[in-house]
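No hydrogens, no waters, no symmetry mates; every other heavy atom, side chains included, goes into these values.
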Amino acid sequence: MRALPEVHRDALAATGYIVAAIKPDQLGAPTPCEDYDVSGLLNHLIGGNFWVAPLVEGTTIADVGDALDRDFSLEEYDRSAEEANAAFSAPGAMQKPVAVSYGPVPAEVYAGHRFIDVLVHGWDLAKATGQDTTLAPELVDACFEVIEPQLDLLKGSGMFGTEVDVPDGADAQTKLLALLGRSA
């Protein structure tokens, strides 16, 4: 697999194309992520991107507090993606300890989780807004490389929906989405 900052950057870019094509009248549409409509999922995704820099720089969740609990505009996606990319791409960033909600972890672990989140929620947004839902095969493969060593932990975390059965011979994207509780 390519370095996590690189695949994360590619996922940010791919999702950025999807975000850029969302129309204001689609913000209330339901998404495959049951907890969110399009607007809520955008807030989750953009807010998640904005959390990266402070956490990688050593700020705690308590220090940030509710500063990022707000509604974001579609236009803020690009800036949030740039900030997240810069934080993960900085020299030595992957080795820094990050105090996330599930405990202190190396930034490399956090980057892997952000990568999954950005890629799959990009798919959720594409599905919800009638856009092309094809994920880049190399990003799907990289997602599996992040997920497989920590599958039991991630399943128990509540980050995934209930796994969906897939037919024999399903492609890698369909298998990934099913693993994360989504039907292609």
Side-chain angles (χ1 to χ4, degrees), residues 1-23 26-49 51-52 77 81 84-85 88 94 98 100-103 105-184:
M1 177 172 84
R2 293 185 347 221
L4 272 171
E6 292 175 18
V7 294
H8 177 256
R9 179 177 40 247
D10 289 351
L12 288 166
T15 296
Y17 288 116
I18 294 162
V19 170
I22 295 173
K23 297 170 182 61
Q26 295 175 314
L27 294 174
T31 70
C33 189
E34 295 176 6
D35 295 338
Y36 299 108
D37 63 8
V38 169
S39 178
L41 190 53
L42 283 165
N43 285 330
H44 168 76
L45 193 59
I46 295 168
N49 287 342
W51 272 98
V52 172
Y77 178 84
N85 176 52
F88 281 144
M94 291 295 96
V98 178
V100 292
S101 61
Y102 44 92
V105 297
E108 183 176 37
V109 171
Y110 178 46
H113 296 170
R114 286 297 309 146
F115 162 58
I116 296 166
D117 204 49
V118 169
L119 183 68
V120 175
H121 286 323
W123 181 89
D124 290 332
L125 290 169
K127 183 88 167 170
T129 58
Q131 298 183 52
D132 183 2
T133 57
T134 306
L135 299 173
E138 65 274 6
L139 295 180
V140 170
D141 291 345
C143 222
F144 273 119
E145 288 185 46
V146 170
I147 291 171
E148 287 173 345
Q150 38 186 327
L151 185 57
D152 292 337
L153 172 73
L154 291 171
K155 280 184 177 181
S157 72
M159 289 174 60
F160 296 177
T162 303
E163 191 170 347
V164 175
D165 290 328
V166 293
D168 291 339
D171 63 22
Q173 177 175 317
T174 301
K175 290 176 183 176
L176 175 66
L177 294 170
L179 180 64
L180 303 176
R182 289 151 173 86
S183 299

Next item on the list: Go through Thr31 and His121 one step at a time and tell me if the side chain to side chain contact (heavy atoms under 4.5 Å, CB included) criterion holds.
Entry: CA-CA 9 Å; Thr31 70; His121 286 323; over 6 Å; no
Notebook entry, point to check: Any side-chain heavy-atom pair from Tyr77 and Leu42 closer than 4.5 angstrom?
Noted result: no
Item checked: Minimum side-chain heavy-atom gap Lys175-Leu179 below 4.5 Å -> no
Note to self: To the closest 0.5 Å, what do you measure between CH2 (Trp51) and OG (Ser101)?
What the structure shows: 9.0 Å
Next item on the list: Quick one: closest heavy-atom pair of Ala128 and Ala29, and the distance?
Entry: O-CB, 4.0 Å
Check: Looking at Ala142 and Val7, what are the two nearest heavy atoms and their distance?
Finding: CB-CG1, 4.0 Å
Item checked: Spacing of CD belonging to Gln173 relative to CG belonging to Leu177, to within rounding of 0.5 Å -> 5.0 Å
Notebook entry, point to check: Which distance, rounded to the nearest 0.5 Å, do you find between the NZ of Lys127 and the CD1 of Ile18?
Noted result: 12.5 Å
Check: Between atom CD of Glu34 and atom CG of Asp124, what is the distance when rounded to the nearest 0.5 Å?
Finding: 10.5 Å
Note to self: If I take atom CD from residue Gln26 and atom CD from residue Gln131, how far apart are they, to the nearest 0.5 angstrom?
What the structure shows: 7.0 Å
Next item on the list: For the pair Thr15 and Leu119, evaluate side chain to side chain contact (heavy atoms under 4.5 Å, CB included) and give the outcome as yes or no after the intermediate values.
Entry: CA-CA 7 Å; Thr15 296; Leu119 183 68; 5.6 Å; no
Check: With a 4.5 Å limit on heavy-atom distance, are the side chains of Leu45 and Leu125 in contact?
Finding: yes
Next item on the list: With side chain to side chain donor-acceptor pair (under 3.5 Å) as the test, would you mind laying out the steps for Asp132 and Thr134 before giving the verdict?
Entry: CA-CA 6 Å; Asp132 183 2; Thr134 306; 2.8 Å; yes
Check: Between Thr129 and Ile22, is there a donor-acceptor pair closer than 3.5 Å when you use the side chain of the first and the backbone of the second?
Finding: no
Notebook entry, point to check: Which residue pairs satisfy the salt bridge (charged side-chain N to carboxylate O under 4.0 Å, His left out) criterion with at least one member in residues 1-18, sequence neighbours excluded?
Noted result: Arg2-Glu6, Arg2-Asp10
Margin query: Looking at every non-hydrogen atom in both residues, tell me the closest pair between Cys143 and Ile116 and how far apart they are.
Written below: SG-CG1, 3.6 Å
Notebook entry, point to check: Does some side-chain heavy atom of Leu27 sit less than 4.5 Å from a side-chain heavy atom of Asp37?
Noted result: no
Note to self: Let's go through Ile147 and Leu180 carefully: what are the C-alpha distance in whole Å and the side-chain angles of both, what is the deciding distance for side chain to side chain contact (heavy atoms under 4.5 Å, CB included) to 0.1 Å, and is it a yes or a no?
What the structure shows: CA-CA 10 Å; Ile147 291 171; Leu180 303 176; 4.0 Å; yes
Item checked: Minimum heavy-atom distance between Phe88 and Pro5, given as atom pair plus value -> O-CG, 3.4 Å
Check: Where is the tightest heavy-atom contact between Ala172 and Asp141, given as atom of each residue plus distance?
Finding: CB-OD1, 4.4 Å
Notebook entry, point to check: If you look at every heavy atom in Val98 and Pro106, which pair is closest and at what distance?
Noted result: CG2-C, 4.5 Å
Notebook entry, point to check: Tell me, which pairs form a ring-ring contact (aromatic ring centres under 6.0 Å, His included) where one or both residues lie in residues 164-184, sequence neighbours left out?
Noted result: none
Notebook entry, point to check: When rounded to the nearest 0.5 angstrom, what is the spacing between CZ in Arg114 and CG in Leu4?
Noted result: 13.0 Å
